[in-house]
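Single-structure report; data block below.
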Protein chains: 2
Amino acid sequence: MKAEKLLFAGADEYQATFAKAARDVAGIEFVAHEPGLDLTDIRYLLMWRPVPGLAKAMPNLKAIFCFGAGVERLLGSAEVPAQIPIVRMVEPGLTGGMVEYVLWQVLRHHRRIWELEEAQAAGKWAPHWYPAAWDRPVGILGFGELGQAAGEKLIEFGFPVRGWSRSKKSHAAIQCFAGPAELPAFLDGLEILICLLPLTPETKGILNVDLLGRLKPGASLINVGRGGHLIEPDLLAALASGQLIAASLDVFSQEPLPADHPFWRHPRIFMTPHNASDTDPAGGLGAIARQIARHQAGEEFEHVADRARGY
Amino acid sequence: MKAEKLLFAGADEYQATFAKAARDVAGIEFVAHEPGLDLTDIRYLLMWRPVPGLAKAMPNLKAIFCFGAGVERLLGSAEVPAQIPIVRMVEPGLTGGMVEYVLWQVLRHHRRIWELEEAQAAGKWAPHWYPAAWDRPVGILGFGELGQAAGEKLIEFGFPVRGWSRSKKSHAAIQCFAGPAELPAFLDGLEILICLLPLTPETKGILNVDLLGRLKPGASLINVGRGGHLIEPDLLAALASGQLIAASLDVFSQEPLPADHPFWRHPRIFMTPHNASDTDPAGGLGAIARQIARHQAGEEFEHVADRARGY
C-alpha cells in the first residue's frame with residue numbers, strides 16, 4: 001500500500017521528533033507544513049492549535065487528527081470545516097503517562113508530602129501516620145479512556161475508586177455515577193478528587209466553591225483536565241479555609257501561567273506546566289496510521305469527537 | 001479454642017493502637033509488658049527493640065514475632081535465646097505500604113521532580129521531556145516478599161525491572177540476578193536503584209562508591225532497606241559528581257538522624273523518617289494469629305529468620 005501523506009501543523013516545537021518517528025511508521029508519509037505547499041493531494045491533517053486557513057484550503061481533506069486527548073481547541077475553531085471528522089488521540093504512551101502522573105500525585109496527597117517536606121526543611125524527625133489506601137476514597141471526574149485507566153491502577157493499589165461521567169458507565173470494581181443529579185453522591189466523602197474531564201460548556205467552571213465544598217474537609221484536588229474546569233479563586237479560598245489541604249495542577253486558565261499568578265508560590269499547590277502526559281511520537285503516529293488504514297478499508301474512524309457533546 | 005496470650009513489648013509508642021486492634025483478632029489475648037507480670041503462661045512475644053532480660057525470663061516462650069520485616073535487631077541481640085524462632089512480619093498492610101512508597105519515589109525520579117520544583121519556585125513555565133517508562137531500567141536489590149511486590153507493580157507501569165538477591169529467584173517478567181558475581185551485570189545501565197535488602201554482614205555498606213559508580217551516570221537511589229546499607233559520604237560524593245542525580249532515603253545510619261547531618265538540607269535528597277511503610281495493627285496481629293494457629297496445629301512457623309543467613 002502506498003504511504004498516505006500526513007500534514008503536520010500547529011505544533012512546531014514537536015515537528016522534529018514526529019518527523020523522525022514517522023520514518024519507522026508504515027503507511028504514513030510525513031509532510032511538514034510550509035508556505036506554498038501543494039495541498040491538493042493531502043487527505044489527512046495532524047493539528048493541535050488550529051492553523052488559520054489551512055484546513056479549508058485542503059480540498060480533499062478527510063480527517064483531522066488531534067495531537068492530544070482534548071479536542072476543544074479544534075471543535076471550537078471556525079477554522080475547522082464542520083463536516084470533517086476530528087479524531088481524538090488515543091495511544092498507549094499518552095494513556096500510560098497520564099496514569100503515571102495521576103498515581104504519582106495521588107500518592108503525594110495520600111502520604112501528605114507537605115508534612116514530610118516541612119519536617120525535612122525544619123530538620124525535624126517526625127514519623128507520621130497515614131491511612132491504608134483502602135481508607136482513602138478517590139473520585140475521578142471524567143471516566144473515559146484516561147479516567148478508566150487511572151481508576152484501574154488506583155484500584156490495584158487498594159484505593160476505593162468512584163468514577164463520574166456524562167453518560168453512565170459500568171465497571172466491575174469502580175462505583176460509577178453519571179450526570180448532574182448524581183454528582184453530590186459521587187463527591188460525598190471523597191478525600192482525593194481527580195479531574196480528567198473534557199472541556200465543554202457543561203464542564204466549564206465545574207471545579208467551583210460548591211463542588212469543592214462537597215468533598216470531605218481536608219481533601220485534595222488533582223486537575224489534569226483543562227484550566228477552564230477550575231474557578232481559580234475558589235481553589236485559593238478552599239485552601240485558605242482548610243476545606244482543601246493541597247492541590248496538584250497541570251492545567252491553567254491561561255497557559256503559560258502569568259508570572260504574577262498566586263499559584264506559583266502557593267505552598268500547597270504543586271504545579272506542572274501542562275506536562276502531565278504527552279503523546280508519544282511513535283505511538284501517536286502508529287495510532288494515526290491504524291485509523292488511516294481503517295478509513296481506506298471503508299471503515300469508520302474510531303475516537304471521533306462528537307460536535308454535539310463537545311468532546 | 002482458647003485465646004493465646006501475646007506479650008507486646010519494646011514498642012511502647014504503638015501499644016495503644018495494637019491493643020485496640022487486638023480486640024477484633026480471634027485467637028489472641030493481648031498482654032502489655034509491665035513490671036511484675038507473671039510470664040510463666042505466656043508463650044508468644046511480639047517485640048521490636050529487644051527488651052533486656054525479657055525473653056530469657058519467659059520459661060515457656062515458643063516464638064518471637066518481629067514487629068517489622070527487618071529482624072537484624074533481634075537476630076543480633078544477646079537478649080534473644082538462640083533456640084527461639086524469630087518470625088518476620090509479612091502482612092498486606094506492610095507490603096502494600098512499601099509498594100506505595102517505592103512507586104511514589106520511582107515516579108518522582110522518573111519525572112525528575114527537582115526540575116519541576118525548581119521551575120515552580122522560579123515562576124518559570126518550563127515543560128520538560130521525560131522518557132517512557134519502558135526506557136527507564138529499574139533495579140531492586142533484595143528480591144524477597146517486598147522486592148517482588150514492588151517489582152510486579154513497576155512492571156505494570158511499564159518499567160523494565162531487574163531483581164538481585166542472595167539466592168537466585170525466577171520470575172516471568174523480571175530479570176533475576178543473584179550473588180556477588182552477578183551484581184555488576186545487574187547494576188549495568190540502571191537508572192533507578194531501589195534497596196530493599198535485609199541488613200546482614202554481607203550487605204552492610206553495599207551502597208558504596210563502587211556500586212554507585214556502576215549505575216548509569218545521573219541515576220537515582222531509593223533506600224528503603226536499612227541505614228547500614230549506605231556509606232553516607234559515598235552518596236554525598238556521588239551526588240556532588242553527578243554520578244547520582246537524586247536520592248530518596250527512608251533509613252539512616254543513625255535514627256533519628258542527628259540535627260546537623262548534611263542530608264536534611266541537601267536539595268536532591270528527599271527524606272522520610274523510617275516511615276515508608278508501617279505494619280498495620282489489624283493485619284499484623286491477624287498474621288500472628290495465623291502463625292500461632294499453625295504452631296498449635298503442629299505445623300512449622302512461616303517466615304522464620306535464618307540465623308545463618310542473617311535474615
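Note that these values count all heavy atoms, side chains included, but never hydrogens, waters or copies made by symmetry. We name chains A, B, ... by the order of the sequence lines, and we start the count at 1 in each one.
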Contact summary for A/His109 and A/Leu221, nearest pair of heavy atoms
NE2-O, 4.2 Å

Please confirm whether A/Arg111 makes a cation-pi placement over A/Tyr130, using NZ or CZ under 6.0 Å from the six-membered ring centre and within 45° of the ring normal.
yes

Counting heavy-atom pairs under 4.5 Å to chain B, which of A/Glu156, A/His274, A/Arg108, A/Glu255 comes out on top?
A/Glu156

Closest-packed option against chain A by number of heavy-atom pairs under 4.5 Å, given B/Thr272, B/Leu116, B/Ile269, B/Asp278:
B/Leu116

CZ of B/Phe18 to CZ of B/Arg23: how many Å apart, nearest 0.5 Å?
14.0 Å

Interface moiety of A/Trp129 toward chain B, non-hydrogen atoms closer than 4.5 Å:
neither

Please state whether the side chain, the backbone, both or neither of B/Lys124 comes within less than 4.5 Å of a heavy atom of chain A.
backbone

Quick check on the interface: out of B/Val106, B/Leu103, B/Asp280, who has the most heavy-atom pairs with chain A under 4.5 Å?
B/Leu103

Looking only at side chains, do B/Tyr14 and B/Thr279 share a donor and an acceptor under 3.5 Å apart?
no

Tell me, side chain or backbone of A/Phe270 under 4.5 Å from chain B's heavy atoms, or both, or neither?
both

Contacting moiety of B/Gln105, where chain A heavy atoms sit under 4.5 Å
neither

Under 4.5 Å to a heavy atom of chain A? For B/Ala126 that would be backbone

Distance only, no hydrogens: is a donor on one side chain within 3.5 Å (strictly under) of an acceptor on the other, for B/His261 and B/Glu232?
yes

Donor + acceptor pair across side chains of B/His110, A/Glu100 (<3.5 Å):
yes

Please check if any side-chain donor atom of A/His171 sits under 3.5 Å from a side-chain acceptor atom of A/Glu152, or the reverse.
yes

If you count heavy-atom pairs under 4.5 Å between each of A/Ile113, A/Asp260, A/Val99 and chain B, which one has the most?
A/Ile113

Using non-hydrogen atoms only, which part of B/Ala276 is less than 4.5 Å away from chain A: side chain, backbone, both, or neither?
backbone

